[in-house]
2 protein chains.
Amino acid sequence: MNCFKIKLKNMEAFKQELTDKIQLLKKKGVVLTTPRLIILEFLVSNRIHPTAEEIFNALKKKYPSISQASIYNTIKLFVKLGIVSELFVEKERARYDINTTPHAHFKCLKCGKVYDVKKPLPQMEEIEGHQVALTQIYFYGTCNECLKKAKRRE
Amino acid sequence: MNCFKIKLKNMEAFKQELTDKIQLLKKKGVVLTTPRLIILEFLVSNRIHPTAEEIFNALKKKYPSISQASIYNTIKLFVKLGIVSELFVEKERARYDINTTPHAHFKCLKCGKVYDVKKPLPQMEEIEGHQVALTQIYFYGTCNECLKKAKRRE
DNA sequence: GTATGTGCAAAACCTTTGCAGGTTA
DNA sequence: TAACCTGCAAAGGTTTTGCACATAC
């Protein structure tokens, strides 16, 4: 394991989270196959809200036999099990987030990066008579890195 | 015009909105072609957040020569001009909304319907150092109609 | 050993594009 | 008339599917 570069100070937290998620899969009776384990490890260690394609490209370097179908099957399973959130932050393709605690996302329209929004936003269980099970909040604009770059150029 | 069923009491508002939008297009120097006019009329009179396909299927009944390309071109133009909002409320396809004032959406996971949320939600111009230009809020769950149906069955 | 999952390739689906011909102003 | 737009068909990109083989427990 630990195929992906992680800052040493986060190593313990990373190991713990990976162990927790694997325990959760076992508890749910999910067969622990290689694709499932390496996709899980990738998502835990790469908080970049990757697309299916990005996961596939990253993993086939160390596991050349993996197929796109396995990526899609596994992600779909993880989403169904509730251990991964599916983000519709852009029209082109879905992005995935191992952090399933409710939080908003910010997408930079300049560099394309997707950020987590840490600030907790109000949650609602009901709105205008509809029963709310899930809330997705997306902000779009210019990220602080791109704002800094633009200022430096002035 | 008035090809689509509209409640009589809303007729005046409908006519006014359609006229306003046409004036806006003219002001922006947009050539008023048949596909553009009938798509605009469809969106003004059908507040169902349709997909490109739904627009196409509805319009080809009265205008059989219309092509998918025209639907996509026109919608893309309307989105660029800011007279239509593009919703990423589901992964499968984009949905479109002629109401461009900021408001959230609720999608029913039972019946699939997409509702406008009238209640104004807090707007932000900046979040965690990022400059916000656009906010999209999607709620998912069970709509009040489906809740009522479920209760009736009990 | 058996149920379940994988990998491959092809298909399905949504959206975009190139271009010849048609329409708008 | 000149610029622009449409319709058609094909292509592009993402995701799903069918099936024989492989793997986990």
Side-chain angles (χ1 to χ4, degrees), chain A residues 22-42 49-81 83-96 112 114, chain B residues 22-42 49-81 83-96 112 114:
Chain A
I22 290 172
Q23 286 308 317
L24 192 63
L25 288 179
K26 275 186 186 164
K27 213 170 72 187
K28 298 211 180 205
V30 173
V31 178
L32 295 179
T33 64
T34 312
R36 290 175 180 176
L37 288 172
I38 65 169
I39 290 170
L40 185 63
E41 191 197 355
F42 179 80
H49 313 91
T51 63
E53 194 195 0
E54 284 166 359
I55 299 172
F56 177 58
N57 288 335
L59 294 184
K60 73 177 173 196
K61 285 176 198 159
K62 7 187 92 76
Y63 188 72
S65 74
I66 202 168
S67 72
Q68 287 203 75
S70 296
I71 305 287
Y72 281 103
N73 287 338
T74 303
I75 288 172
K76 206 174 169 183
L77 175 72
F78 286 177
V79 170
K80 208 181 79 190
L81 293 174
I83 68 164
V84 162
S85 301
E86 192 166 34
L87 308 182
F88 311 140
V89 70
E90 58 205 32
K91 130 154 143 250
E92 292 75 19
R93 60 192 90 69
R95 293 190 167 272
Y96 298 93
V114 176
Chain B
I22 289 171
Q23 287 307 318
L24 193 63
L25 286 180
K26 274 187 186 163
K27 213 171 72 187
K28 299 210 179 206
V30 173
V31 178
L32 295 179
T33 63
T34 312
R36 290 175 181 175
L37 287 172
I38 63 169
I39 290 170
L40 185 63
E41 191 198 355
F42 180 79
H49 313 90
T51 63
E53 195 196 359
E54 285 166 359
I55 300 172
F56 177 58
N57 287 335
L59 294 185
K60 74 177 171 195
K61 286 176 198 160
K62 8 187 90 75
Y63 189 72
S65 73
I66 201 166
S67 71
Q68 288 203 72
S70 296
I71 305 286
Y72 281 103
N73 287 338
T74 303
I75 288 173
K76 207 174 167 182
L77 175 73
F78 286 177
V79 170
K80 210 181 79 190
L81 293 174
I83 68 164
V84 162
S85 302
E86 194 166 32
L87 308 182
F88 310 141
V89 71
E90 57 206 33
K91 132 156 143 249
E92 293 75 18
R93 60 195 89 70
R95 293 191 167 272
Y96 299 93
V114 176

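Naming convention: chains lettered A, B, ... in sequence-line order (proteins, then strands); numbering from 1 in each chain.
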Not counting sequence neighbours, which residues clear side-chain contact (heavy atoms from CB on, under 4.5 Å) with B:Leu24? List them please.
B:Lys27, B:Lys28, B:Ile83

Taking atom P of C:dG5 as reference, at what distance in whole Å does atom CD1 of A:Ile39 sit?
13 Å

Protein-nucleic acid N or O pairs under 3.5 Å, nucleotides 12-16 of chain C:
residue: C:dT15; atom: OP1; partner: B:Ala94; partner atom: N; Å: 3.0
residue: C:dT15; atom: OP2; partner: B:Tyr72; partner atom: OH; Å: 2.7

Any residue meeting side-chain contact (heavy atoms from CB on, under 4.5 Å) with A:Lys76, in chain and number order, not counting sequence neighbours:
none

Indicate yes or no for a side-chain donor-acceptor contact from A:Arg95 to the backbone of A:His49 under 3.5 Å, with no hydrogens or angles considered.
yes

Helical bend (five base pairs per end, nearest 10°) for the helix from C:dG1-D:dC25 to C:dA25-D:dT1
40°

Mind checking what makes side-chain contact (heavy atoms from CB on, under 4.5 Å) contact with A:Glu92, not counting sequence neighbours?
A:Glu90

Among all residues two or more places apart in sequence or in another chain, which pass the side-chain hydrogen bond (donor to acceptor under 3.5 Å, both in side chains) test with B:Glu86?
A:Lys91, B:Tyr96

Just the rounded figure in Å: distance from C1' of C:dT6 to NZ of A:Lys60.
17 Å

To the nearest angstrom, how far is A:Ile71 atom CD1 from C:dA9 atom C1'?
17 Å

For A:Ser67, what residues pass the side-chain hydrogen bond (donor to acceptor under 3.5 Å, both in side chains) criterion, not counting sequence neighbours?
A:Ser70

Assign each of A:Pro64 and A:Leu77 the nucleotide of DNA chain C bearing its closest heavy atom; nearer the 5' end lies the nucleotide of A:Leu77

5' to 3', nucleotides 19-25 of chain C under a 4.0 Å protein heavy-atom cut-off (B base, S sugar-phosphate only, - none) gives -----SS

Chain A reaches DNA chain D, atoms under 4.0 Å from its heavy atoms, from D:dT14 to D:dC25

According to a strict under-4.0 Å criterion, is A:Ser65 in side-chain N/O contact with OP1 or OP2 of C:dG7?
yes

Partner residues of B:Leu77 under the side-chain contact (heavy atoms from CB on, under 4.5 Å) criterion, sequence neighbours left out:
B:Val30, B:Arg36, B:Leu81

Rounded distance (nearest 0.5 Å) linking atom OG1 of B:Thr74 with atom CZ of B:Phe42:
13.5 Å

Between P on C:dT4 and CG on A:Leu81, what's the gap in Å once rounded to a whole number?
14 Å

According to side-chain hydrogen bond (donor to acceptor under 3.5 Å, both in side chains), who are the partners of A:Tyr72, at least two apart in sequence or on a separate chain?
none

Assign A:Tyr63 to base, sugar-phosphate, or nothing according to its heavy-atom contacts below 4.0 angstrom with the strands shown.
sugar-phosphate

